[in-house]
Number of protein chains: 2
Amino acid sequence: MAGLDIERLLQRHGVMPTLQRREVAGVLLDKPQHLSAEQIIDCLRLAGSRVSKATVYNTLKIFSDCGLVREVNVDSTRKFYDSTTHAHHHFYNVDTGELNDIPCELVDFLSLPPLPQGTEQESVEVLIRLRSKTD
Amino acid sequence: MAGLDIERLLQRHGVMPTLQRREVAGVLLDKPQHLSAEQIIDCLRLAGSRVSKATVYNTLKIFSDCGLVREVNVDSTRKFYDSTTHAHHHFYNVDTGELNDIPCELVDFLSLPPLPQGTEQESVEVLIRLRSKTD
DNA sequence: ATGCTATTTAGAATTAGTCTATACTCCGCA
DNA sequence: TGCGGAGTATAGACTAATTCTAAATAGCAT
Ligand SMILES: [Mn+2]
Ligand SMILES: [Mn+2]
Ligand SMILES: [Zn+2]
Ligand SMILES: [Zn+2]
């Protein structure tokens, strides 16, 4: 994603496009992917950025609050940040830790349960847990 | 669940039914529920048990390895242990943190994606994220 | 320049969970 | 009746992701 695009994208989401935020967005929003905060920091450092750990975490919080990225909880030891924000589903390989997207059009429901009283639906997410086949 | 039942249940799963394991099982397997390790420790302490934190964590690991309980990752700050081990789904209220079961017969799929090469399916889990309705 | 606000930062603090080294329990056997 | 070993339990040190704090910095308006 080009620099000017990122700047406008942040502005459209009401986020001041500071250098650090553009750098974090540049790494994570580059393509459909799932990265942990540590992975993002490593990428930034490799590219010569001096952004601090605290700023990366602050920035990811701001991004997920405003819908620029999505948090994914599959691994209890850390969060993953998903650059794809529209509704979709995931494969999670428990052997390799790989996390991959399933486009939402590949999953169709014949029935879903009624929602509990006093609640509204925010999302419906399918997680298909995989093992690597050994046979 | 009565004491003798728990003892037999542990034995059937190949787990030596020590006092501490029977106590942890007595709390968690009492009914369908989702408890964190800390919640389980609090319950045990309230009931006068002297079981250590390390033993509770070791025991929960043993229980989930042998299929007596299931780990649920919805909240990135801690694991929940689910006393229901057969396939089912969850409502998660992001406002209250409430986690509730959806029986698997209330969810039917019309289509699911093909599995990636070299993998086999371990589980298919649906998570319906809810907000508390304010209107 | 001066102040004002938002932002960034280093490093301390937090916290769920793991690890380590020691102690206890149980049991078969000398 | 006293070992010895396997399995288990324990306190407390440790780890690592994340959050917090309090001080610096950057931009911008007066
Ligand atoms: Mn779609
Ligand atoms: Mn069923
Ligand atoms: Zn995704
Ligand atoms: Zn459940």
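Scope of the values below: all heavy atoms of this structure, side chains included, with no hydrogens, waters or symmetry mates. In what follows, chains are A, B, ... by sequence order, proteins preceding strands, each numbered from 1.
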J.: Can you tell me the distance, in whole Å, between the CG atom of A:Leu35 and the C1' atom of D:dT18?
T.: 17 Å
J.: Starting the side chain at C-beta, find the nucleotide from C:dT9, D:dA11, C:dG17 nearest to B:Ala54.
T.: D:dA11
J.: Nearest of C:dT7, D:dT19, D:dT8 to any side-chain atom of B:Thr18?
T.: D:dT8
J.: Tell me what B:Ser76 touches on the nucleic acid: a base, only sugar-phosphate, or nothing, going by heavy atoms under 4.0 Å.
T.: nothing
J.: Reading DNA chain D from 5' onward, which residue's closest nucleotide shows up sooner: B:Asn58 or A:Phe80?
T.: B:Asn58
J.: Out of C:dT8, C:dT9, D:dT8, which nucleotide sits closest to the side chain of A:Val51?
T.: C:dT9
J.: Pick from B:Gln33, B:Arg70, B:His34: which one makes a side-chain hydrogen bond (donor to acceptor under 3.5 Å, both in side chains) with B:Asp82?
T.: B:His34
J.: Hey, is the side chain of A:Tyr57 poking within less than 4.0 Å of OP1 or OP2 on D:dT18, counting only N and O atoms?
T.: yes
J.: Nearest whole Å is fine: how far is D:dT8 C1' from B:Lys61 NZ?
T.: 16 Å
J.: Rounded to the nearest Å, what distance is computed from the CE atom of residue B:Met16 to the C1' atom of nucleotide D:dG7?
T.: 8 Å
J.: Starting at CG of A:Asn73 and ending at C1' of D:dA17, how long is that distance when rounded to a whole Å?
T.: 13 Å
J.: Can you measure B:Glu71 atom CD to C:dA16 atom P for me and round it to whole angstrom units?
T.: 16 Å
J.: Quick check for you: among C:dG17, D:dA9, C:dT8, whose closest atom lies nearest to any side-chain atom of B:Gln20?
T.: D:dA9
J.: Using OP1 and OP2 only, check whether a side-chain N or O of A:Arg78 sits under 4.0 Å from D:dT18.
T.: no
J.: May I have the distance from B:Ile41 (atom CD1) to C:dT18 (atom P), rounded to whole angstrom?
T.: 12 Å
J.: Is any side-chain N of the basic residue among B:Arg8 and B:Asp5 closer than 4.0 Å to the acidic one's carboxylate O?
T.: yes
J.: From the list D:dA17, D:dT19, D:dT8, which nucleotide is the closest neighbour of the side chain of A:Glu38?
T.: D:dA17
J.: A:Tyr81 and A:Leu68: side-chain contact (heavy atoms from CB on, under 4.5 Å), yes or no, with the steps?
T.: CA-CA 10 Å; A:Tyr81 295 88; A:Leu68 263 168; over 6 Å; no
J.: For C:dT8, does either OP1 or OP2 sit under 4.0 Å from a side-chain N or O belonging to A:Thr55?
T.: no
J.: Could you tell me how far apart A:Ile62 (CD1) and D:dT18 (C1') are, to the nearest whole angstrom?
T.: 15 Å
J.: Is any NZ, NE, NH1 or NH2 atom of the basic residue among A:Arg129 and B:Glu125 found under 4.0 Å from an Asp or Glu carboxylate oxygen of the other?
T.: yes
J.: Quick one: do B:Tyr57 and B:Phe63 end up in the same hydrophobic cluster if we chain Ile, Leu, Val, Met, Phe, Trp and Tyr together by side-chain heavy atoms under 4.5 Å apart?
T.: no
J.: If you compare every side-chain N and O of B:Arg50 against the phosphate oxygens of D:dT10 (OP1, OP2), does one of them come in below 4.0 Å?
T.: no
J.: A:Leu19 CG to D:dT25 P: how many Å, rounded?
T.: 16 Å
J.: Test for a donor-acceptor pair under 3.5 Å between the base of D:dT18 and the side chain of A:Lys53, counting only N and O atoms.
T.: yes
